[in-house]
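See structure below.
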2 protein chains.
Amino acid sequence: MNVTIKQIAQEAGVSLTTVSNVINHKAHRVSEEKRQIIEAIIKKYDYSPNMNARALVQSSSRLIGLLYFSDTPRLDFSDPFVTEILEGIERKTKEAGFFTLIHNVISKHDILAVQKNWKFEGFIAVGFSQELFEEINQAVQSPIVFIDTHLEARVYDHIEDYPKRYFINTDDFQAAYAATSFLIEKGHQEIAFLSHVFDDSHPGVIQQRFLGYKKALEINQLSWQEHLIFNKSDFQEMLSKRKDYSAVLVSADYLAMEFIYFLKQAGHYEVEDVSIISFDDIKYAALNDPPLTTIRLDQISKGEQAMQLLADIIDKEEDPQQITQLYGSLIVRETVVQHH
Amino acid sequence: MNVTIKQIAQEAGVSLTTVSNVINHKAHRVSEEKRQIIEAIIKKYDYSPNMNARALVQSSSRLIGLLYFSDTPRLDFSDPFVTEILEGIERKTKEAGFFTLIHNVISKHDILAVQKNWKFEGFIAVGFSQELFEEINQAVQSPIVFIDTHLEARVYDHIEDYPKRYFINTDDFQAAYAATSFLIEKGHQEIAFLSHVFDDSHPGVIQQRFLGYKKALEINQLSWQEHLIFNKSDFQEMLSKRKDYSAVLVSADYLAMEFIYFLKQAGHYEVEDVSIISFDDIKYAALNDPPLTTIRLDQISKGEQAMQLLADIIDKEEDPQQITQLYGSLIVRETVVQHH
DNA sequence: TTGAAAGCGCTACCAA
DNA sequence: TTGGTAGCGCTTTCAA
């Protein structure tokens, strides 16, 4: 059995309370002399408090819930979106003395289940929809950092009505706008859009990028064309329409790599024929042949910032700014060329 | 506040004990009539028990600790080794009703800290060294599934002395042997070995592969040559020695991709000149140009099996076989060609 | 079949 | 500055 506070108190010849005060660094409530004795014993047994007991009585569980939203029952960890955020969180979580419990959330019920079970000090929610945001906002009172969660404007406009809700987003609209503008600068006029299927009518990462793409075209007196909007299952169609566009804006590096691979297989890939720009800058992007021109979205940093935010709120009782907007940066490599 | 067992008991007009019995499916101790009443109330409030309280009194926390060993303070989540196992675990963890707490372990102290803090029902330990295995074996009595943990033979030879310790490993020796043999069959005689730095004298994944590589050479009357053993920082040297070998066995797909990229940059990559085979079959391997010939190690499946094992042990009280040996499978793509 | 009560390890409150 | 005690929500004897 592990050492308990009781045994330590006994050995030190003091009360439980005194030991507890030492542990919780309420130094001013304990004499220096006793503190030293107690700390020696704590060290001797390498004692650390039972988190369950602690969490039961108060709310300091040191537990952070990492909630991934996915509409499929499976989380795709090969997606850097998922994995890099986790890496960022892990980097901070230990130094801040927290524990991270991962949970894949599909529905409202999952949220309730996980949060009733354990006392969380905070949550990091990734990729939530508007609907799920409303749910969790209702159900949970501890602080929540939302990453890559695009909501209806009314939420951001009245952010003060949502205390303890924090948002770390990339400005996806802006990122897509920049990427599309870059293509246009390079002389491209017929620019296709390739993404995973998405819901055009609800706020979301891809929807924002789609909007940014359309805006950039518009500003440059180009009009977007329905028949140049593709998704993952349209590779064949994209091949047959290859004369209709000179460049493609792809919503993820991995998808771009798949597309390039597909074209190569078909014997129809020439950088001169089709310029490609995508998003993420995953580490494989630089190794691709040719290396991908892409918009870097620093997901690792999002994870780090999210955890840092939580640590500040919980430990320092700060109340940081609720919205953190990040910007993608254009990484010029070799998949985009001047169009003539 | 959440509903407690007490309130449910009150509303149902029964005692705490009775409610507890219903929750814990001790149906034989409760009358059918009361059971129904109680279950209705539970459903009404969507009640689920407080895990902290439960864990405090007994050991059923439903908590699984996922312990990653890395000798650096940072976990590299871009390594599929890390990420795919996690994916496999997540797939099973929810259906089995567990929660997964991730922890990056660098030293003995980390293990103790994490395990004293929470009551874990089991652990999944990834990539542990012999030394750390001894530590955790001492410190923990709950079941532990070790993934990719190569230990000294004496442990496996007396596996019965290590109850509740389970091992899921790829036969890395065999995998490397097969890969090297494949190269030899293709007419290669001068075969280089490229890996991350590793400790030759201690059991480990790369060490096993190195042994398999040497064995295959030996069996075929070829001898391994010190000057053909490289690591990540030797790319330049490998380039200058390019005439000394016609094939390379690389310990990971990602490293192989880096190497190929390096050669391409240097203007010295020709499939005809240097055959490359590696390990993992990450999803980028198939998209590489040329697609990687590799040994597929199904890491996702390891994660799934690990979690399944734990679920069987904990819930079904089975005592499964302690050692699960998996085998890599050769995926022939285009980086290995016949040598003349 | 049911319930009362003890206690898991800890913190918080109040009193000394 | 210290200690006694109640109680967090639950399970588990033991008795009825």
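So you know, we letter chains A, B, ... as the sequences are listed, proteins then strands, and number each from 1.
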Legend entry - Divergence of helical axes at both termini of the helix from C:dT1-D:dA16 to C:dA16-D:dT1 - five pairs an end, 10° steps: 40°
Legend entry - Separation of atom CZ in B:R62 from atom P in D:dC10, rounded to whole Å: 17 Å
Inset, instruction - With DNA chain D as reference, determine whether A:K34 or B:N52 sits nearer its 5' end, using the nearest nucleotide of each. - result: A:K34
Inset, instruction - In whole angstrom, give the distance that lies between atom CG of B:L56 and atom P of D:dG7. - result: 17 Å
Legend entry - Validation row, ring centre B:Y68 to ring centre B:H103 under 6.0 Å: no
Legend entry - salt bridge (charged side-chain N to carboxylate O under 4.0 Å, His left out) partners of B:D312, counting only residues at least two apart: B:K316
Inset, instruction - Verify the contact: side-chain N or O of B:S31 to OP1 or OP2 of C:dT1, cut-off strictly under 4.0 Å; return yes or no. - result: no
Legend entry - Side chains of B:V126 and B:F69 in contact at under 4.5 Å (non-hydrogen atoms): no
Legend entry - Under 4.0 Å protein heavy-atom contact, by nucleotide of nucleotides 10-16 of chain C - B base, S sugar-phosphate only: BSBB---
Inset, instruction - Round to a whole Å and report the spacing from CH2 of B:W118 to P of C:dG9. - result: 16 Å
Inset, instruction - Give a yes/no on whether any side-chain N or O of B:S15 is located under 4.0 angstrom from OP1 or OP2 of C:dT2. - result: no
Inset, instruction - Could you point out which residue of B:F123, B:F133, B:Y166 forms a ring-ring contact (aromatic ring centres under 6.0 Å, His included) with B:F146? - result: B:F133
Legend entry - Test: A:K302 and A:E84 ion pair at under 4.0 Å: no
Inset, instruction - Using salt bridge (charged side-chain N to carboxylate O under 4.0 Å, His left out) as the criterion, list what pairs up with B:E33, not counting sequence neighbours. - result: none
Inset, instruction - Taking side chain to side chain donor-acceptor pair (under 3.5 Å) as the test, write out the residues that go with B:Q325, two or more places apart. - result: none
Inset, instruction - Enumerate the residue pairs fulfilling salt bridge (Lys or Arg N to Asp or Glu O under 4.0 Å) with a member in residues 134-143 of chain B, sequence neighbours excluded, ordered by first and then second residue. - result: B:K108-B:E135, B:E134-B:R154
